[in-house]
2 protein chains.
Amino acid sequence: MAARRPRERGVTVEDVARVAGVSRQTISNALNAPHRLKPETLERVSAVIEELGYRPDQSARSLRSGTRRIIAYPAPVDDPANPNPLMGGFLEAVVAASGEAGYRVLLVRPRPGQSQEQALDELIAARTVDGFLLSDVLRDDPRLAHLTGAGFPFAAFGRTGPDQPQSWVDVDSAQAVIDMVGLVAARGHRRVAFLASSSGLPWMDDRRDGFLAGVRRHGLAGQVYSAPGDDPGEIVKATRALLTGRDRPTAIVAGGDWLALGVYTVARAEGLEIGTDLAVAAFDDLPVTAWLQPALTTVRLPLDRIAKALISRLLQIVEDGVTPRAGLVLPGEPVIRPSLGPPDAL
Amino acid sequence: MAARRPRERGVTVEDVARVAGVSRQTISNALNAPHRLKPETLERVSAVIEELGYRPDQSARSLRSGTRRIIAYPAPVDDPANPNPLMGGFLEAVVAASGEAGYRVLLVRPRPGQSQEQALDELIAARTVDGFLLSDVLRDDPRLAHLTGAGFPFAAFGRTGPDQPQSWVDVDSAQAVIDMVGLVAARGHRRVAFLASSSGLPWMDDRRDGFLAGVRRHGLAGQVYSAPGDDPGEIVKATRALLTGRDRPTAIVAGGDWLALGVYTVARAEGLEIGTDLAVAAFDDLPVTAWLQPALTTVRLPLDRIAKALISRLLQIVEDGVTPRAGLVLPGEPVIRPSLGPPDAL
DNA sequence: GAAGATCGTTTGAACGTTCATATCCGACGC
DNA sequence: GCGTCGGATATGAACGTTCAAACGATCTTC
């Protein structure tokens, strides 16, 4: 085993100060409070900084200032049977949004045998991060309670409890589905079904509630079917029951694009033509659906806006100590495609 | 704007030392070199550490010791038209593997207007991370040259150049495709085609080369078709040309599951039954393919093993200064499913 | 023209840890 | 009984930065 190679020493503030002929603190100010410097000094110092390629040592800066410029994102455990659409697009958006604010994203997950809360505590106690960004927030999510108890900054994609910081952002799933049901009703459909998967997930519940509100408002006959799980077999089974029973619905609103894949599969097997025999709408706008024929009507999550809002709220807590007074609800973006059928379908 | 809230002071090494009735260094040793303590001291100290919930401040530790316990992973830019299968599974595996080694993963990406190399330099200069984990490595990837030039530790999923550290891990794509062609040949197929997408990507080239080697070895008639891009329209167009031309192949090896989706789409439109009229094999084992009927034969990437090997190699460089003498090639795992047809197909 | 206010810059200290070295203490050899 | 060794613990210094306060110079004010 070779020896650990010698510690490479980088450019320090002293080096820059010496070359620029000013003091340490002036260098520090040039970076952190440039308005305090005389313009000509700033220019000279900046040139030297640039020339030497100086960047403040992140550890030293953190140690002294108490700010880490790092946000932790507990990665949701990705079930291969139900790939989380967020994992791709949302994470991207979060990294981009925090990058623009000068923060970086630390991806964390509990070690084997460690609870979620313990993992959070470890990061808090070691003062590794400034705050947490949570997604896939459940009702009464223990992580929220834990962070609230610890008084540690966080922002959540998904609603928090009434006695918790309202630093959340969520999509108005219910309204989006209500609107979708409206479009379905406008196309003359009377018997409509909602296809859900493993319930208990707040967003699925919201979407289902939106459906129920929608059918009530439009006076439609609406039924809810739930697949017991997320894998294709179970979804197909539930969908088949839905499409082969008595009073087959003429339109299906799926709780997610993943479920819509099941509808396409069963419809094809049953000889039903989507867009004419059966209107289909879903939620999420997963990239895979680009393959579906006819193209799937769905609701796109404004992931960029969500990420920006979350980061903005989190940093307001971290940097200014200001906790938002209310959550932020963003609209889903309906994407109308042929699966819904033409406006004058029936 | 409310005032920044008062700096919360955590438990420090001094606090623990006072309570345990020993010195600072003994606490430090209890965590970093427990063998140096008398067993009874260790036990007593550990109890106090536990009781007070002490964790060394990460910044202070890093500043003094020079090790950050953070690995940077430049997130590949995810093209929605071609969702990167790695983004999900690979990232997960990387986080898990580095977590077990006591490291965390920092997700980075260039700020707008910043080059990839500049983003790396920033992290190096600010001493934010101990090393880099790269994926989606291109031939002559500028990041490799840059890190090699800087002498900074990295490990790469994908081969590096001959004059660069051999700290890479890769999948033996060529061999996996050769084997797949062998299976196809064993089923009696003589006219076989390879479906590729936008070339220039090393893994796609490897897979194509494997195909060519396979058809040569088995004396088959093999042709290569390339879709100009990765979006469904282009893939479908290329696939249709392939399946409607003269001397239609009886088997298709796709360079990726994403491309196989096109084959299924076109085959259905053309009335070809997959598994009987047409054998199909692909690569990647994406979760979506669980929906395909008949199930898709493919090659699974051993993401867990890859991630473990990469982390292990990277940490050997970081911690011991040992650079691997040669790259590591791992086999792909063939997953035989009905799309290939029965063993005695033709 | 002296006292104060303002601006730009410098200085000493502190953040919390680990490194390098020193000290203590009992065991051992002769 | 004295020196030596070695294991266990303690002490001073250092990592590189920013904070808090001080400083000197210039500008106001009456």
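Throughout, protein chains are lettered first and strands after them, A, B, ... in sequence-line order, and every chain is numbered starting at 1.
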Can you tell me the distance, in whole Å, between the CD atom of Glu14(B) and the C1' atom of dC15(C)?
12 Å

Write down the distance between CG (Leu63(B)) and P (dG16(D)), rounded to a whole number of angstrom.
7 Å

How many whole angstroms separate atom CD of Gln58(A) from atom P of dT17(D)?
11 Å

In the structure I gave you, are the side-chain heavy atoms of Asn29(B) and Val45(B) within less than 4.5 Å of one another anywhere?
no

Would you confirm whether Arg127(B), through its side chain, and Gly66(B), through its main-chain N or O, come within 3.5 Å as a donor-acceptor pair?
no

Contact residues, residues 37-56 of chain B to DNA chain D [heavy atom, < 4.0 Å]:
Leu37(B), Lys38(B), Thr41(B)

When you compare the side chain of Leu91(B) with that of Leu107(B), does any pair of heavy atoms fall below 4.5 Å?
yes

Between Lys308(B) and Glu100(B), is there a side-chain N and carboxylate O pair less than 4.0 Å apart?
no

To the nearest Å, how far apart are Arg69(B) CZ and dT17(C) C1'?
14 Å

Position toward the 5' end of DNA chain D (nearest nucleotide), His35(B) or Ala60(B)
His35(B)

Hey, what's the ring geometry for Phe90(B) with Tyr73(B), parallel, tilted or perpendicular (30° and 60° as the breaks)?
perpendicular

Rounding to a whole Å, what distance do you find between Asn32(B):CG and dT18(C):P?
5 Å

Before you tell me yes or no, could you show the steps for Ser59(B) and Arg68(A) under side-chain hydrogen bond (donor to acceptor under 3.5 Å, both in side chains), namely the whole-Å CA-CA distance, both residues' side-chain angles and the distance that decides it to 0.1 Å?
CA-CA 8 Å; Ser59(B) 303; Arg68(A) 321 288 162 212; 3.2 Å; yes

I need the CZ-C1' distance between Arg68(B) and dG16(D), as an integer number of Å.
10 Å

Any side-chain heavy atom of Leu144(B) within less than 4.5 Å of one from Trp168(B)?
no

Any N or O donor-acceptor pair linking the side chain of Arg64(A) to the base of dT18(D) at under 3.5 Å?
yes

What residues in residues 22-31 of chain B put a non-hydrogen atom under 4.0 Å from any atom of DNA chain D?
Val22(B), Ser23(B), Arg24(B), Gln25(B), Thr26(B)

Evaluate the side-chain proximity of Arg143(B) to Leu138(B): yes if any heavy-atom separation is below 4.5 Å, no if none is.
no

Beyond-backbone contact of Gln166(B) with Thr160(B), side-chain heavy atoms, under 4.5 angstrom:
yes

